[in-house]
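Order of listing sets the numbers, starting from 1, for every ligand and every atom in it.
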Amino acid sequence: MYNDKVLEVFASRKNAGEIENANGVGTVGNASCGDIMKIFLRIEDNIIKDASFKTFGCAAAVATSSVATEMLKGLTVEQALNLTNAQVVEALEGLPPQKIHCSVLVEEAVKEAVNDYLKKRD
Ligand code: FES
């Protein structure tokens with residue numbers, strides 16, 4: 001069902017676990033599949049310095065979390081808010097249609113994490 005890229009990212013997942021001193025955390029879940037995704041961000045001077053994830057879900061949920069946390073590092077807060085699930089799917093060279101919702105979950109979790117940071121900062 002998955003392409004080689006997704007399987008490779010799933011197997012060698014990066015940024016799994018919690019970052020110490022995260023200042024933005026976003027948790028989202030999908031009611032229909034029951035999967036839960038948590039994104040941790042360390043933001044300094046408006047730049048994402050570090051990103052990690054804890055995901056309890058399918059292989060696509062883990063792969064999208066891993067690739068998204070890699071993509072986030074070095075982005076500004078504004079760029080992170082504009083990260084779309086389509087960009088994450090593209091970085092994974094595609095996902096099966098029934099797994100697109102897994103990438104939507106990561107887009108939502110990233111937005112939650114950035115908004116958590118913005119709320120705490122204000
Ligand atoms: Fe729900 Fe993948 S099946 S996040």
Side-chain angles (χ1 to χ4, degrees):
M1 167 165 75
Y2 295 117
N3 67 32
D4 289 348
K5 178 74 180 179
V6 174
L7 294 175
E8 176 200 312
V9 171
F10 175 73
S12 64
R13 65 193 78 172
K14 302 209 168 65
N15 313 315
E18 213 167 306
I19 306 177
E20 250 178 75
N21 307 326
N23 54 1
V25 180
T27 307
V28 293
N30 181 298
S32 57
C33 67
D35 292 350
I36 296 173
M37 205 179 266
K38 200 165 186 176
I39 297 285
F40 301 87
L41 301 175
R42 177 78 212 157
I43 302 172
E44 284 166 30
D45 300 328
N46 208 46
I47 304 287
I48 315 278
K49 295 287 184 190
D50 205 359
S52 73
F53 72 95
K54 268 186 168 175
T55 292
F56 303 95
C58 69
V62 171
T64 54
S65 304
S66 175
V67 89
T69 49
E70 285 289 282
M71 291 165 86
L72 282 168
K73 291 181 198 175
L75 295 187
T76 65
V77 163
E78 294 73 23
Q79 287 169 331
L81 282 172
N82 287 327
L83 183 78
T84 65
N85 77 302
Q87 291 170 313
V88 173
V89 172
E90 196 184 319
L92 288 170
E93 297 168 11
L95 277 177
Q98 70 274 28
K99 290 290 173 183
I100 294 295
H101 81 268
C102 319
S103 65
V104 173
L105 212 54
V106 79
E107 180 187 321
E108 290 172 359
V110 169
K111 286 188 169 60
E112 284 269 332
V114 174
N115 285 324
D116 179 53
Y117 162 77
L118 292 173
K119 248 183 279 159
K120 285 178 184 156
R121 193 194 58 175
D122 293 340

Test of understanding: given a 4.0 Å heavy-atom threshold, classify the contact between D35 and ligand 1 as side chain, backbone, both, or neither.
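The side chain, only.
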
Does [X] [atom1] have over 12 foreign heavy atoms under 6.0 Å away?
X	atom1	result
E20	CD	no
E90	CD	no
K38	NZ	no
K5	NZ	no

For atom 1 (Fe) of ligand 1, what is the nearest protein heavy atom, given as residue, atom name and distance?
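The protein heavy atom lying closest is C33 SG, 2.2 Å.
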
Protein contact to atom 2 (Fe) of ligand 1 [nearest heavy atom, distance to 0.1 Å]
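It is C58 SG, 2.2 Å.
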
Might you work through the side-chain contact (heavy atoms from CB on, under 4.5 Å) test for L105 and T55, ending with a clear yes or no?
CA-CA 10 Å; L105 212 54; T55 292; over 6 Å; no

For [X], the ligand 1 atoms whose distance to one of its heavy atoms is below 4.0 Å:
X	value
A61	4 (S)
K99	3 (S)
C102	2 (Fe), 3 (S), 4 (S)

Between K111 (side chain) and L81 (backbone), is there a donor-acceptor pair under 3.5 Å?
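Present.
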
Is H101 close enough that one of its N/O/S atoms sits under 2.8 Å from atom 1 (Fe) of ligand 1?
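Yes, H101 qualifies, because one of its backbone or side-chain N, O or S atoms lies under 2.8 Å.
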
